[in-house]
Every structure is written in structure tokens, then in C-alpha cells.
Amino acid sequence: MNVIFIDSFSGEELLHMVSQDVAGILAAAQGESVTFPVGHFKYEFHNLDFYEDNGQIRQELVIYVKKI
């Protein structure tokens, strides 16, 4: 599944990845903090989005974080 980290203040995409361990990534993101090359962030909320791609329904987990 696609997993995307978004800065909730600026709307900037921080990371786009594909993972089969979505529950593990979500649990880790809800920990103390998440570090990206542009700084340290704290989990705020997430959405599970569904969209159509070439006639197939796909899903992605969008995790919103705020800079700390």
C-alpha cells in the first residue's frame, strides 16, 4: 500500500513509500517523533484514501504530521 507523510501546516509531501506493514508504520509514526531530512515531526492524524487508477480501486494511507 502507498504510505504518504504530509506536513499538516504546509501541505508538503515529506515521504512517499510503499509498504505491506501499514499497521507497523502507523504505530511507529504515533510514537515520540518522526525524523525526516527536513526536521522532526509529531503525528497528528491519518486518513485512509481510496482512488481509481486504470479502472482499479487502490488505497493509500496518508499520515499528517506537524513540525516540532
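For reference, positions follow the sequence shown, starting with 1.
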*Quickly, which of His46, Met17, His16 forms a side-chain contact (heavy atoms from CB on, under 4.5 Å) with Ile4? Name it, please.*
His16

_Treating Lys67 as the side-chain partner and Phe9 as the backbone partner, does any N or O pair qualify as donor plus acceptor under 3.5 Å?_
no

_To the nearest 0.5 Å, what is the distance between CD on Gln59 and CZ on Phe50?_
4.5 Å

*asked:* Among residues at least two apart in sequence or on other chains, which ones pass ring-ring contact (aromatic ring centres under 6.0 Å, His included) with Phe45?
replied: Tyr64

*asked:* Return the CG to CD distance between Leu48 and Glu60, rounded to the nearest 0.5 Å.
replied: 9.0 Å

*Measuring from Ile6:CD1 to Glu12:CD, what's the distance to the nearest 0.5 Å?*
8.5 Å

*Shortest non-hydrogen contact from Leu61 to Met1?*
N-SD, 3.8 Å

*Where is the tightest heavy-atom contact between Phe41 and Ile68, given as atom of each residue plus distance?*
N-CG1, 4.0 Å

*Measure the spacing between CG of Leu14 and CZ of Phe5 and express it to the nearest 0.5 Å.*
9.0 Å

Show which side-chain atoms of residues 19-34 pair as donor or acceptor with protein atoms under 3.5 Å away, not counting sequence neighbours.
residue	atom	partner	partner atom	Å
Ser19	OG	Asp21	N	3.0
Asp21	OD1	Gly24	N	3.0
Gln30	NE2	Tyr43	OH	3.2

